[in-house]
Structure formats: C-alpha cells, structure tokens
Visitor: 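This is the structure I want to talk about, given as structure tokens.
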Amino acid sequence: MKKGKVLIVINSFNDRESYLYQGNRLKEELKNLNIDVDIKKTSELFIYIDGDHINNDEIKKYDLVIFNDKDTLISRMIEKSGVRVKNSSKAIEACDNKFLTHLLLSENGIKMPITFPSLLCYSKDRGIDEKYIEKIEKTIVFPCVFKLNYGSLGANVYLIEDHKMLLEYIEKYKDQSFLIQEYIKESSGTDIRVIVLNNKVIASMLRKNEKDFRSNIGHGGIGYKYEINEKIEEIALKVTKILGLDYCGIDILIKNGEYLICEVNSNAFFQEIEKVSEVNVAKLYAQFISAII
C-alpha cells in the first residue's frame, strides 16, 4: 500500500544534468519508501489566480510538494491552496536574495563579510553617485566582490580589481539588484559546504578551486572530504533556524580563524557532496519527507 503522494517541482528552463540529478535521486529514494512521486516543471502546474481564488485542482491531490526551484510566487500559490511545501516560499525567498540573506543573519549575530547594498535605480540614464562609491572604497579595499543578488552556481559573481572596474560594473548593472562585498583573500577559491536537513548537519565537504576565486563545482571547484568542528556545526544550525529552512547548503569562509557565512542555498545540489562524503543525502531527505507526510 502506497504511503502518500509527493510532487517534486523543478524549474522549466534548467536542463543541466547536475540539476536534474537532484529530482531524479529524490524520486528514486522516495519510491523505495513506497511513496508515489511525480516530477513536474513549473510550466506543467498551470496554476493561476481565477477571480477570488487560486485555480490549483491538480496540486491538491498531493500530500506534499518538494519545491526544487526558486520561483517563490508559484510556491506561495501552492501553499495558499493548502498543500505543504518544503522548503517554504518564505525560506526560499530569504536565500534567493543574497543581500536579504545577509540582512536577516546580521540581526542575529552571524558573522559575514562586509557587504554593501545596491541603490534602487529606475533608469539607466541616471548617473552614479560617486560619493557613495568613495565611502565604500574607504571601508573595503580592492579587490572586492560584486554579485547580482539573484543567481546560482557562481553566475554573475565578479572579482573587482580597482575603482575603474567597480564603476564599470555598477554602470552595467545599476538597474538591477546587486551587492558589493569584502574579498576574503584567505578563502580565495575555497569554502566549506555544509548540508543541513531537519536541523541536523548530515554532510560536509571542502571545496577548492585552483583556477578561480569562486569555489563552485560548476566553475572548476573540486570537493574533498571534510569533517566539521562543533563551532561550524553550531553556526550552520543557527543559520538554518534563522532562515526557516528544512534543507539547505551553507557556504562558509575563513578569515583570521573566524568563520564567515558566504551564501545559503535553499536548493543546494548534492551530487558532489554525496560522492565526496559518502553520505546518501537523497535517502536521508526522502526519509525526512516520509516521516512528515
């Protein structure tokens, strides 16, 4: 007898093997636990507002949705129709906007690199306030890091070498949301990835990239087995609790012996960390879902 029915929602435009692996592995492990599983793209849900209610009859046949995407509007509509979603739309939103992640963590004593927000710009025709840039440059030294607030896999993350380059990138992206951040030279190309599930650290690895300041596997980073200490575990669990996450990957940098949060990913890929740590992340995730449906 089947225990329940779960829907895994994936992005309509991402067909990378490393991304599709996530949903397929979860489906495999959930089926091993006698749970019915479907995988659907967001475009296949056909969910919309119809007058005074959300038209979502197809979704209501599921006991739970694993939302392996960052489309918080669709995940919120699923929640509003009464179906549980993991992670919640609020938690995904907190991670998807990189500056919002830092803002929420800063209110709770979590250490991070010095980080400046972009200024809201409605038109590319408007000039840059160089006095604001001068203040940033007095606080952090070059090189510094420039990131668009929305993005994954190390995309749209740049190492800014000097004043001219900083102005160039601000001009290019001034009508988008971005952040300017202190560059942690000690952790260049290196970070610690920690996977947390249901308030427990289940896997970790050290990521190193000898050819790029970004440690991401997709940019040439390589994962190595790494046992975290109690301090890292304490930080990771606190971050997870603050952001309200059921599952996530936390990226940690080291500066002068202190641990700094770089980013938090609500849909962290686990293909590499499964291989490196020899932990079956998909199986543990499936067991967590099985226990709550």
Side-chain angles (χ1 to χ4, degrees), residues 94-121 124 126-194 206-222 226 231-232 235-236 238-239 242 249-265:
C95 295
D96 189 30
N97 184 324
K98 293 178 173 63
F99 193 85
L100 179 58
T101 304
H102 287 289
L103 181 61
L104 294 171
L105 295 180
S106 71
E107 299 169 338
N108 292 275
I110 300 294
K111 293 184 179 181
M112 294 159 288
I114 299 169
T115 307
F116 291 88
S118 58
L119 303 177
L120 183 61
C121 176
K124 281 220 174 212
R126 302 308 300 265
I128 299 169
D129 185 347
E130 290 213 31
K131 289 183 180 179
Y132 181 69
I133 308 306
E134 288 173 9
K135 289 180 180 178
I136 292 174
E137 292 176 354
K138 287 178 181 179
T139 308
I140 56 176
V141 297
F142 292 110
C144 63
V145 177
F146 184 102
K147 297 180 184 180
L148 294 190
N149 278 326
Y150 298 95
S152 301
L153 306 174
N156 297 313
V157 178
Y158 308 99
L159 191 63
I160 305 299
E161 300 289 352
D162 52 33
H163 174 75
K164 181 182 178 181
M165 191 174 178
L166 181 58
L167 288 179
E168 190 179 301
Y169 274 80
I170 292 174
E171 179 65 37
K172 182 177 180 179
Y173 294 108
K174 66 184 178 184
D175 60 344
Q176 297 185 49
S177 180
F178 61 83
L179 61 82
I180 299 165
Q181 191 169 67
E182 172 190 14
Y183 171 59
I184 310 300
K185 186 177 181 180
E186 184 180 341
S187 284
S188 182
T190 305
D191 68 7
I192 301 163
R193 163 59 66 90
V194 179
L206 182 73
R207 300 190 299 184
K208 290 183 71 71
N209 191 339
E210 303 293 344
K211 298 180 179 179
D212 198 297
F213 77 100
R214 296 166 293 183
S215 61
N216 304 77
I217 303 300
H219 287 280
I222 298 173
Y226 186 86
K231 184 60 178 178
I232 294 176
I235 293 169
K238 188 174 182 181
V239 166
I242 292 166
I250 301 171
D251 300 335
I252 299 173
L253 308 175
I254 301 176
K255 178 187 178 183
N256 299 328
E258 286 193 317
Y259 300 112
L260 307 180
I261 297 301
C262 179
E263 291 186 10
V264 183
N265 193 325

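Reckoned from all heavy atoms, side chains included, excluding hydrogens, waters and symmetry mates. Everything quoted here is computed from the prediction, not taken from an experiment.
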Visitor: For the residue pair Phe142 and Ile160, what are the closest heavy atoms and their distance?
Guide: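 Answer, listing the atom of Phe142 first, then Ile160: CD2-O, 3.7 Å.
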
Visitor: Not counting sequence neighbours, which residues clear salt bridge (charged side-chain N to carboxylate O under 4.0 Å, His left out) with Glu258? List them please.
Guide: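 Glu258 satisfies salt bridge (charged side-chain N to carboxylate O under 4.0 Å, His left out) with Lys111 once adjacent residues are dropped.
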
Visitor: Listed by chain and number, what are the salt bridge (charged side-chain N to carboxylate O under 4.0 Å, His left out) partners of Lys98, not counting sequence neighbours?
Guide: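 Lys98 satisfies salt bridge (charged side-chain N to carboxylate O under 4.0 Å, His left out) with no other residue.
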
Visitor: Could you list the residues that satisfy side-chain hydrogen bond (donor to acceptor under 3.5 Å, both in side chains) with Thr115, not counting sequence neighbours?
Guide: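 With neighbours one apart ignored, the set is Gln181.
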
Visitor: Any sub-3.5 Å donor-acceptor pair from Thr101's side-chain atoms to Ala94's backbone N or O?
Guide: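 Checking the backbone N and O of Ala94 against the side chain of Thr101, a donor-acceptor pair under 3.5 Å is found.
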
Visitor: Drop me the distance from Asn209's CG to Thr190's OG1, to the nearest 0.5 angstrom.
Guide: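 Reported to 0.5 Å precision, the distance equals 8.5 Å.
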
Visitor: I'd like to know if the side chain of Ser106 and the backbone of Leu103 have a donor-acceptor N/O pair within less than 3.5 Å.
Guide: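 Yes.
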
Visitor: According to salt bridge (charged side-chain N to carboxylate O under 4.0 Å, His left out), who are the partners of Glu171, at least two apart in sequence or on a separate chain?
Guide: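 Expected list: Lys174.
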
Visitor: Please identify each residue that fulfils side-chain contact (heavy atoms from CB on, under 4.5 Å) with Leu159, with sequence neighbours left out.
Guide: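 Testing Leu159 for side-chain contact (heavy atoms from CB on, under 4.5 Å), a comparison that skips the adjacent residues, returns Pro143, Val145, Glu161, Tyr183, Phe213.
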
Visitor: For Tyr169, give me all partners under side-chain hydrogen bond (donor to acceptor under 3.5 Å, both in side chains), at least two apart in sequence or on another chain.
Guide: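 If we apply the side-chain hydrogen bond (donor to acceptor under 3.5 Å, both in side chains) test to Tyr169, skipping adjacent residues, there are no hits.
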
Visitor: Taking salt bridge (charged side-chain N to carboxylate O under 4.0 Å, His left out) as the test, write out the residues that go with Asp251, two or more places apart.
Guide: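 Arg193, Arg207.
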
Visitor: Rounded to the nearest 0.5 Å, what separates atom SG in Cys144 from atom CD1 in Ile184?
Guide: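 If we round to the nearest 0.5 Å, Cys144:SG and Ile184:CD1 are 11.5 Å apart.
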
Visitor: Taking side chain to side chain contact (heavy atoms under 4.5 Å, CB included) as the criterion, tell me which of Leu253, Ile110, Ile232 meets it with Tyr259.
Guide: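 The side chain to side chain contact (heavy atoms under 4.5 Å, CB included) with Tyr259 is passed solely by Ile232 among Leu253, Ile110, Ile232.
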
Visitor: Taking the side chain as C-beta and beyond, is there a heavy-atom pair between Asp191 and Cys262 under 4.5 Å?
Guide: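 Asp191 vs Cys262: side chains apart.
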
Visitor: Given the rule in the side chain to side chain contact (heavy atoms under 4.5 Å, CB included) test, do Ile261 and Ile252 qualify, once you have shown the distances and angles that lead to the verdict?
Guide: CA-CA 5 Å; Ile261 297 301; Ile252 299 173; 3.9 Å; yes

Visitor: Shortest non-hydrogen contact from Phe99 to Leu179?
Guide: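 In terms of heavy atoms, the two residues are closest at N-CD2, 3.9 Å.
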
Visitor: Can you tell me how far the CG atom of Leu166 sits from the CD1 atom of Ile140, to the nearest 0.5 Å?
Guide: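 Those atoms lie 7.5 Å apart.
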
Visitor: List for me each residue that meets side-chain contact (heavy atoms from CB on, under 4.5 Å) alongside Asp162, sequence neighbours excluded, and say none if there are none.
Guide: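 Asp162: side-chain contact (heavy atoms from CB on, under 4.5 Å) contacts with Lys164, Met165.
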
Visitor: To the nearest 0.5 Å, how far apart are OG in Ser188 and NZ in Lys208?
Guide: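 Answer rounded to 0.5 Å: 9.5 Å.
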
Visitor: Given side chains that start at C-beta, do those of Ile192 and Ile254 come closer than 4.5 Å, heavy atoms only?
Guide: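 Yes, at least one pair of side-chain atoms sits under 4.5 Å.
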
Visitor: Hey, could you give me the CG/CD distance between Leu148 and Gln176, rounded to the nearest 0.5 Å?
Guide: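 So the gap between those two atoms works out to 5.5 Å.
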
Visitor: Looking at Leu104, is its backbone amide N or carbonyl O close enough to the side chain of Asn108 to form a donor-acceptor pair, meaning the two atoms are under 3.5 Å apart?
Guide: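 At least one qualifying donor-acceptor pair exists.
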
Visitor: Would you check if Ile170 and Ile180 make a side-chain contact, meaning some heavy-atom pair closer than 4.5 Å?
Guide: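 Yes, their side chains come closer than 4.5 Å.
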
Visitor: Mind jotting down which residue pairs meet the side chain to side chain donor-acceptor pair (under 3.5 Å) criterion with at least one end in residues 128-146? Sequence neighbours excluded, please.
Guide: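 Only Glu137-His163 qualify under side chain to side chain donor-acceptor pair (under 3.5 Å).
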
Visitor: Counting distance only, does the side-chain N/O of Asn149 pair as donor-acceptor with the main-chain N or O of Asn97 below 3.5 Å?
Guide: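 Here the side-chain-to-backbone pair does not exist.
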
Visitor: Measure the CG-OG distance between Leu100 and Ser177 for me, rounded to the nearest 0.5 Å.
Guide: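 If I round to the nearest 0.5 Å, the distance is 9.5 Å.
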
Visitor: Could you work out, with side-chain hydrogen bond (donor to acceptor under 3.5 Å, both in side chains) as the rule, every residue matching Asn156, not counting sequence neighbours?
Guide: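 Asn156: side-chain hydrogen bond (donor to acceptor under 3.5 Å, both in side chains) contacts with Tyr158.
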
Visitor: Checking Lys172 now: which residues fulfil side-chain hydrogen bond (donor to acceptor under 3.5 Å, both in side chains) with it, not counting sequence neighbours?
Guide: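 None.
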
Visitor: Taking ring pair (Phe, Tyr, Trp, His ring centres under 6.0 Å) as the definition, give me every residue that meets it alongside Tyr173, ordered by chain and number, with sequence neighbours left out.
Guide: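 In terms of ring pair (Phe, Tyr, Trp, His ring centres under 6.0 Å), with neighbours along the sequence ignored, Tyr173 is linked to Phe146.
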
